[in-house]
Structure formats: structure tokens, C-alpha cells
Number of protein chains: 2
Amino acid sequence: MLMSDTQDALFKTLADPTRRALFERLCREGEKTVGALTARAGVSQPVVSKHLGILKQAGLVRDRHEGRQTHYSAQLGALAPLVDWTSEMAGFWQSRFNDLEDLLKRMDQ
Amino acid sequence: MLMSDTQDALFKTLADPTRRALFERLCREGEKTVGALTARAGVSQPVVSKHLGILKQAGLVRDRHEGRQTHYSAQLGALAPLVDWTSEMAGFWQSRFNDLEDLLKRMDQ
DNA sequence: ATTCATCATAGCTCATTGGCTATATAAAAA
DNA sequence: TTTTTATATAGCCAATGAGCTATGATGAAT
């Protein structure tokens, strides 16, 4: 799997507000059951389950089964590719500004 | 405009691979015309223009008109809310971990 | 054994959106 | 002035996806 696919999955996964809110709650409040998450999600339980499945597939959460309930928790390390990507973009930006040749090239065109 | 709206716009804007590729090229290679971008985008010129419009609306690029061509360039500062968000999530994570650490320390005594 | 509680899956619908072609706009060239 | 070039806009279509309800699967409780 290419890194760009990982980035794509991350951006796509976090692009949905409901899904991002679920992930944020897990980051803020720690492990939660599907029921607890549903209670304040503003959408139905199947929708919550679906979103959690997508978050899991992106590596952003993990699940732990305990009896008949499933506990979800945030996997913060999964955000690393996103941080890397932004750093990379910032790096390109800076190197272009520090590179006199490119600067002159742009003034020349 | 709320910050969460900004984050939403950023994530949504960068979720599309074609759009993200355009932004990446502008970060890597600096200012480009629509024509230059279209030449390697793999999609038609109107599609490129549309994506650039969306990137502009999200504050990720700016445009400069020169004669009959439009030059686009990346506005890296627009990524700040994204960096802030990831930092915030990491912060919640860390503080919860520290709370747990403190709790365990107290239980240990 | 039966019922209840919890979560996941299936199937549907509607809105969004990314792609296209055709065309409008506007500047430069002929 | 007419034509060509560069970009933007309009309008269409097909695919995606986020929501719903209904139901399946499974563990706990009665």
C-alpha cells in the first residue's frame, strides 16, 4: 500500500463531520461503547457503527469486545501520515523560498 | 465563521486526490498557470479550474491575473488549522495518559 | 427456553460531487 | 476587426456516500 493511499484514506475519513466528531470524542474522553457514542452523536446507531467501521479501517480507532458491547478507543498514531504530509508541504514551501535559483527562475518567467 | 467550519472545509477540500495533487504541485513547484497545471493533471481544464476555485475558497491557494492567464500559488498558512487540530487531539490523548499515570502513581503509594 | 439488550449488516433513498462537453468571457495576435 | 488563446462558467450525468429503517447475530438476564 502506497503512502498516498494512506493519506487519501485519512483525509477522506476525517472529511465527514460526524465521523470527525466521533474521533474527537474518543480522543477527549477515552474509550466509549457504541451506545455511549450514539447517545450524543445526533445520528442513529447503525450510522454510528458504520462510521466507527470506517474509522477502524483507517486505523484511527481500535475496538475491544466485552460481552455484548464493543468499546472503541482512538489510535492517535494513525494521524502520523497526516502530520508528515503537512510537514512535507511546509518543507517544499520553505526550500523553494530558501533556494535562490528557483527564486530567480520565478522572477525570470 | 467557526473554527470547526474551517477545519471541515480544509478536510473536505483536501479529501479529493485530484485537488490534493494540485495543491501538492503548487507547494513543490511554486506558482503555475492553469494551463501548466492542466497539462499534467489527468483531467480536463474546466475540472482543474473548478478544483482551483475550491482550493481558493478554502484559502489554500491564491490567484494572480496576468494578461489572459491566471497564476495560482499555494498559501501554506491555510494549513494551520489542520496542524492545530492534530495538536489538540494529541493533547487530549496526552493529558488523559498523564491522568492515568497520576492515578496509578497514587494507587501505588 | 425465552426475552431483552447491544451492536453489526442489508437494503433503500436522496443529496452531493467529480467528471465530461459546450459555451461564455476576455486578452493577445494577426 | 477577426481570429486565436487562456480561463471560467453552465449544464449534464454517473458514482459515491451519508442518512434512514428493518433485521440479523450474539451475549446477558429472567
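Chain naming here is simple, since letters A, B, ... match the order of the sequence lines and numbering starts at 1 in each. Just so it is clear, the values below take in all heavy atoms, side chains as well, and ignore hydrogens, waters and symmetry mates.
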Chemist: Assign a letter to each nucleotide of nucleotides 6-13 of chain D from its 5' end: B, base within under 4.0 Å of a protein heavy atom; S, sugar-phosphate only; -, no contact.
Modeler: SBBB----

Chemist: Would you give me the side-chain donor-acceptor pairs under 3.5 Å for residues 68-85 of chain A, sequence neighbours excluded?
Modeler:
| residue | atom | partner | partner atom | Å |
| --- | --- | --- | --- | --- |
| A:T70 | OG1 | A:H65 | ND1 | 3.4 |
| A:W85 | NE1 | B:E24 | OE2 | 2.9 |

Chemist: Please name all residues satisfying side chain to side chain donor-acceptor pair (under 3.5 Å) with A:R64, sequence neighbours left out, ordered by chain then number.
Modeler: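 Here the qualifying residues are A:E31, A:E66.
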
Chemist: Mind checking whether B:L37 and B:L26 have side chains closer than 4.5 Å, heavy atoms only?
Modeler: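 In short, these two side chains touch, coming nearer than 4.5 Å.
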
Chemist: Run the side chain to side chain donor-acceptor pair (under 3.5 Å) test against B:E88 and tell me which residues pass, sequence neighbours left out.
Modeler: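 Partners of B:E88 under the side chain to side chain donor-acceptor pair (under 3.5 Å) test: none.
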
Chemist: Contacts to DNA chain C from residues 15-27 of chain A, heavy-atom cutoff under 4.0 Å, which residues?
Modeler: none

Chemist: For DNA chain C, note the earliest and the latest nucleotide, 5' to 3', having some atom under 4.0 Å of a heavy atom belonging to chain A.
Modeler: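 Extent of the interface on DNA chain C: C:dC4 to C:dT9.
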
Chemist: Taking side chain to side chain donor-acceptor pair (under 3.5 Å) as the test, write out the residues that go with B:T33, two or more places apart.
Modeler: none

Chemist: Which donor-acceptor pairs under 3.5 Å do the side chains of residues 15-23 of chain B make with protein atoms, sequence neighbours left out?
Modeler:
| residue | atom | partner | partner atom | Å |
| --- | --- | --- | --- | --- |
| B:D16 | OD2 | B:T18 | N | 3.2 |
| B:D16 | OD2 | B:R19 | N | 3.0 |
| B:R19 | NE | B:T13 | O | 2.8 |
| B:R19 | NH1 | B:H51 | ND1 | 3.4 |
| B:R19 | NH2 | B:K12 | O | 3.2 |
| B:R19 | NH2 | B:T13 | O | 3.4 |
| B:R20 | NH1 | A:D8 | OD1 | 3.3 |
| B:R20 | NH1 | B:L14 | O | 2.7 |
| B:R20 | NH2 | A:D8 | OD1 | 3.0 |

Chemist: Taking salt bridge (Lys or Arg N to Asp or Glu O under 4.0 Å) as the cut-off, I'd like each qualifying pair that reaches into residues 35-62 of chain A, sequence neighbours left out, listed once.
Modeler: A:K56-A:D63

Chemist: Using side-chain contact (heavy atoms from CB on, under 4.5 Å) as the criterion, list what pairs up with B:A39, not counting sequence neighbours.
Modeler: none

Chemist: Would you kindly confirm whether B:I54 and B:V47 end up in one hydrophobic cluster when ILVMFWY residues are joined by side chain heavy atoms under 4.5 Å apart?
Modeler: no

Chemist: Residues in salt bridge (charged side-chain N to carboxylate O under 4.0 Å, His left out) with A:K32, at least two apart?
Modeler: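 Testing A:K32 for salt bridge (charged side-chain N to carboxylate O under 4.0 Å, His left out), a comparison that skips the adjacent residues, returns A:E29.
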
